[in-house]
Each structure stands twice: as C-alpha cells, then as structure tokens.
> 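Have a look at the structure that comes next, please.
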Amino acid sequence: MSANISNPKTNTNLKRELLLQVIALLVVCGLLVYASVSSDKQLNKIMPETRSWASSTNLRPSGMSACFELLQKVFSPERQVKTWELPYRILGGSKKSEQERQNSASKLSALQPTPLVHGVLIVVSPDQSLANFEVEEILSWVERGNYLIYLDSFVLRTSRRLLDKATMTVKQLEPPATNKKTDPRFDVPFYDHLRQLTVSADHSIKGGRKIATVDGACVIAEKDYGKGKILIASCPSLISNRQINQSQYWSNFQFIYNWIATTDGDIYFDERCHGLSQGINVFYYFLRGPAGCVLAQIALILLVAVLSTNQRFGAITPIKVSRQISNLEHINGLSNTYMRARAKQAVIEIIWQNARLKLCKFLQISPHESNQRLQEELKANSSEQTSAMAIIADQCEKAISNKDLSDDQLIELVESCDKISQRVDKQMTSKQLNRGQDAATSSTDR
C-alpha cells in the first residue's frame with residue numbers, strides 16, 4: 001500500500017530554496033536601485049538643463065548643491081546647515097502669545113520638528129512666487145531676531161511681495177548688468193578677503209543699506225527688520241554651481257560666508273519654494289528614498305507576474321482624452337517660461353514670422369524672400385499703411401538679433417505685429433468681398 005504522505009525533508013528544502021530566491025531578489029533589486037541612483041547623479045552633472053532650478057538638491061549648473069556642501073564644511077560642527085521643506089508657520093514667526101504658542105507646541109506630534117527655529121533662511125529664485133501669508137510668516141519670524149537671504153531676479157510683479165512688505169522697491173537696469181564687477185568697497189565688514197563681486201542683474205534695489213553697487217546702481221542691499229536682518233539681491237545666480245565652479249566668482253561665496261558669519265543659529269536652504277515638501281509620516285519618509293524605489297521595483301515585478309498568469313483579452317474600447325488645460329493657462333505658462341528664460345528674441349521671432357507670412361501672402365511674394373525684397377514691395381505700394389508696415393518690419397528684423405531687447409520694446413513690437421496681422425486680414429477679406437461682388441455683377445450683366 002502506497003502512502004500519500006509528503007516527505008518533511010523535501011518540504012524543508014523547498015522552503016529554503018524559496019527563501020533564498022526572495023533574498024536574492026531583494027539583493028539584486030537593491031543593487032540595481034543604488035547603481036541607477038548614483039549613475040543618475042553623475043549623469044545630471046553633465047546633461048544640459050531644460051529649466052533653471054536653484055535647489056540645493058540640484059547638481060547641475062543652476063543648482064545650489066555646491067554652496068550647500070561648502071557651508072556645511074565651513075560652519076560645522078558649530079552650526080548646522082539643513083534644508084527647509086516644512087510650512088513657514090513652523091518657523092515660529094506667527095504672531096501668537098506665549099501661552100498660545102506653548103499650547104500649540106504641546107499638541108505637535110513627536111515626529112514633527114520644534115516649531116521655534118532660530119537661524120538664517122536662504123531663499124533663492126522661488127519656482128512660484130511666495131503668497132502674501134507666507135511673506136508675512138517669514139517676515140514675522142525675521143522680526144523676532146532671525147535672518148533672511150533672498151535672491152531673485154524680481155521679473156514678475158508677484159515676486160516683489162516681500163520687498164513691498166519690507167518697504168523696498170526695484171527698478172529696471174538699462175542696460176542689464178551681465179557678469180559685471182561691482183564697485184570696490186572698503187567700508188563694509190562683509191568685504192574681508194575680497195574687494196569686488198561679479199554679478200548679473202536686471203534690476204536695481206532701492207531701500208535699505210547699499211552693500212554692492214554696479215555703476216552706482218544697488219544690486220545687493222541689507223535692511224534691519226525688527227530684531228533681525230534681511231539681505232536682498234537682484235542677482236539670483238550669485239552663488240550657483242555654475243559660478244562656484246569658476247575661480248573668478250569665488251569672491252561671491254566669500255561675501256555670503258562673511259555675511260552669514262555675522263549671524264547666529266542654524267542655516268536653512270528653503271526647498272519649499274522649489275516644490276519640495278517634507279511629510280512627518282515615518283512611512284512616507286522612508287518610501288520617498290531608495291527603500292521606496294526597491295519596494296516599488298519588487299511590486300512592479302510581482303504585478304507583472306500576477307497579470308501574466310491572469311491574462312485576459314477583450315474588445316478594443318476607444319478612450320477619448322479630453323483637454324485638461326485651457327488655452328489661457330497654456331499661454332500664461334509659455335509666457336512665464338520665456339520670461340524666466342529671458343528668451344525675448346525667440347518670442348519676437350515667433351510672433352513676427354506669423355505676421356510676415358500673412359504680409360507676404362497679401363503682397364503675393366514668397367515667404368522665403370529676403371527682408372530687402374519685402375521692404376521693396378512694401379515701399380512700392382506707397383501708402384501710409386504700407387510705409388508704417390515697412391518700418392515695423394525693419395524693427396522686428398533688427399529686434400531678432402538684439403540680445404539687449406527690453407520688456408517695453410518687446411511689448412511695443414508685439415502690439416505692432418498684431419496690428420499688421422489685423423490690417424492684412426481686413427484687407428484680404430475686403431479683396432475677397434470685392435471679387436465676389438464683381439463676379440456677381442458680371443454674371444447679371446451676361
């Protein structure tokens with residue numbers, strides 16, 4: 001009689017083999033994740049950037065990772081250099097009574113950082129302009145005896161909210177300062193071991209004490225705010241990776257170091273303004289790192305295995321993808337991108353080419369003809385409108401090669417191109433109507 005009893009030794013060997021396979025899977029997935037993370041870091045240093053991102057986690061030229069590491073080395077262990085990814089109200093700047101502050105602090109979770117923070121907050125080129133309530137929370141924190149370094153180009157009106165609260169203003173520099181040396185200073189303590197800075201700025205600052213000037217125009221200013229201080233600069237790339245990597249810009253980092261050395265407390269690089277936020281949940285904290293990547297890779301392998309064993313096929317169903325963004329949002333996003341990239345030449349070239357196509361169609365010439373031929377055709381008509389169009393066409397062609405094109409000139413040329421398009425459309429429509437009327441008249445005469 002045969003017995004249907006499994007061998008215990010065989011079951012033990014199967015369990016051991018399964019356990020070894022799972023361990024090998026975990027080891028291989030972990031090694032792959034860490035290898036890909038390290039290779040991505042090295043690749044990010046040499047790959048061209050698609051956008052400027054002044055984050056301390058960005059290893060590319062526009063990032064602040066080099067400044068973050070240098071400050072860690074020169075100020076540790078006396079002062080800590082960290083990133084700030086929490087709401088600004090946790091800085092402790094909200095105006096509450098001490099009793100309310102103690103009550104709110106007692107309700108915080110053990111994983112949440114202490115809400116009373118003292119030190120220096122460094123804000124560089126926020127991806128989105130600070131809201132009014134965020135500006136009030138930061139300035140209230142500075143007023144209690146803390147320090148703020150705020151570097152931005154101040155191109156957008158919404159990016160000047162902090163300046164408005166601090167009673168400071170900016171003015172467009174004509175022409176902009178590009179890699180220019182600042183005026184030598186010998187009366188400012190922040191200029192130890194240096195005499196000049198190398199800056200690029202589009203605006204000058206009014207209000208506060210002048211710290212650095214270019215041809216008399218202030219680009220870096222300091223202002224006392226309550227018990228604290230604010231350092232405002234209109235040159236956001238002052239301490240970027242691109243500049244710290246070159247010896248001619250080392251005085252810029254020396255200047256920032258000298259200013260921070262006059263303060264006390266820890267040093268915080270604001271990453272919340274760059275879209276990074278830190279959760280207080282322990283699972284979220286670990287899953288956002290390499291451990292999360294390993295688990296996600298294992299889950300993906302298991303998902304593929306489960307789906308492959310339960311594969312089913314059905315009728316093809318078309319899926320209608322509706323547009324999720326309005327035209328106005330798309331236009332605002334593009335205009336914001338072009339302004340931040342300072343691609344004014346690209347903007348006027350795109351708009352002028354559209355108007356030029358309509359104009360060539362109206363004049364019945366090829367759009368590939370040179371600008372000189374277009375000018376000759378416009379002047380041949382000898383009317384006031386075509387003369388004005390010829391002037392505008394010449395201005396647009398020159399603006400395409402003008403690297404110092406101002407905002408006012410760009411707006412004026414865009415409006416002129418719109419007027420040309422409208423006039424050409426009207427004249428084309430009137431010509432078609434006249435042709436239709438002539439055809440109708442000739443048919444009735446017959």
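None of the values given here were measured: they were computed from a predicted structure.
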> Just by distance, do the side chain of D266 and the backbone of V81 share a donor-acceptor pair under 3.5 Å?
no
> How about Q353: does its CD atom have over 12 heavy atoms from other parts shown lying under 6.0 Å from it?
yes
> State, without any angle test, whether D202 and Q172 hold a side-chain donor-acceptor pair at a distance under 3.5 Å.
no
> Run E136 and N132 through side-chain hydrogen bond (donor to acceptor under 3.5 Å, both in side chains) and show every step you take.
CA-CA 6 Å; E136 292 177 358; N132 286 323; over 6 Å; no
> Checking the side chain of N241 only, and the main-chain atoms of A66 only, is there a donor and an acceptor separated by less than 3.5 Å?
yes
> Can a side-chain donor-acceptor contact be found between T198 and N179 if the only test is distance below 3.5 angstrom?
no
> Examine distances only and state if a side-chain atom of S140 and a backbone atom of E137 form a donor-acceptor pair shorter than 3.5 Å.
no
> Quick one: are I301 and C29 in side-chain contact, heavy atoms under 4.5 Å?
yes
> If only side-chain N and O atoms count, and only distance matters, is there a donor-acceptor pair under 3.5 Å linking S204 with K171?
no
> Which value, rounded to the nearest 0.5 Å, describes the distance between L71 atom CG and I256 atom CD1?
9.0 Å
> Can you tell if the side chain of I122 reaches within under 4.5 Å of the side chain of D270, non-hydrogen atoms only?
no
> Please check: side-chain N/O of R79 versus main-chain N/O of I267, any donor-acceptor pairing under 3.5 Å?
no
> Do side-chain atoms of R161 reach the backbone of L130 as a donor and acceptor pair under 3.5 angstrom?
yes
> For E174, is the CD atom crowded, meaning more than 12 foreign heavy atoms sit under 6.0 Å from it?
yes
> Of the non-hydrogen atoms in V170 and H203, which two are nearest, and what is the gap between them?
CB-CB, 4.1 Å
> Keeping the roles fixed (side chain from S251, backbone from Q196), state whether a donor-acceptor pair exists under 3.5 Å.
yes
> Taking side chain as C-beta onward, heavy atoms only, is V123 less than 4.5 Å from L121?
yes
> In terms of heavy-atom contacts, does CH2 of W53 have more than 12 from other residues, nucleotides or ligands at under 6.0 Å?
yes
> Where do T57 and E271 land on the side-chain hydrogen bond (donor to acceptor under 3.5 Å, both in side chains) test, with the steps shown first?
CA-CA 9 Å; T57 61; E271 294 299 334; 4.5 Å; no
> Yes or no on side-chain hydrogen bond (donor to acceptor under 3.5 Å, both in side chains) for T169 and K206, after CA distance, side-chain angles and deciding distance?
CA-CA 5 Å; T169 59; K206 292 187 178 181; over 6 Å; no
> Output, in order, the C-alpha distance, side-chain angles, deciding distance and verdict of salt bridge (Lys or Arg N to Asp or Glu O under 4.0 Å) for E222 and R209.
CA-CA 5 Å; E222 182 188 51; R209 294 183 295 274; 2.7 Å; yes
> Are Y88 and F133 an aromatic pair by the rule of ring centers under 6.0 Å?
no
> Do I149 and V120 come within less than 4.5 Å of each other through their side chains, counting heavy atoms only?
yes
> Quick check against the 3.5 Å criterion: does Q243 have a side-chain atom that pairs as donor or acceptor with the backbone of N252?
no
> Would you check if F253 and L70 make a side-chain contact, meaning some heavy-atom pair closer than 4.5 Å?
yes
> Is there a side-chain hydrogen bond (donor to acceptor under 3.5 Å, both in side chains) between R60 and S55 once you walk through the steps?
CA-CA 10 Å; R60 295 184 178 183; S55 170; over 6 Å; no
> Check whether H274 reaches the backbone of V124 with its side chain - one donor and one acceptor, N or O, closer than 3.5 Å.
yes
> For residues 151-158, which side-chain N or O atoms pair as donor and acceptor with protein atoms under 3.5 Å away, sequence neighbours left out?
| unit_1 | atom_1 | unit_2 | atom_2 | d |
| --- | --- | --- | --- | --- |
| R157 | NH1 | D164 | OD2 | 3.1 |
| R157 | NH2 | D164 | OD2 | 3.1 |
| T158 | OG1 | S129 | OG | 3.0 |

> Distance-only, no hydrogens or angles: does the N146 side chain make a donor-acceptor pair with backbone N or O of W141 under 3.5 Å?
yes
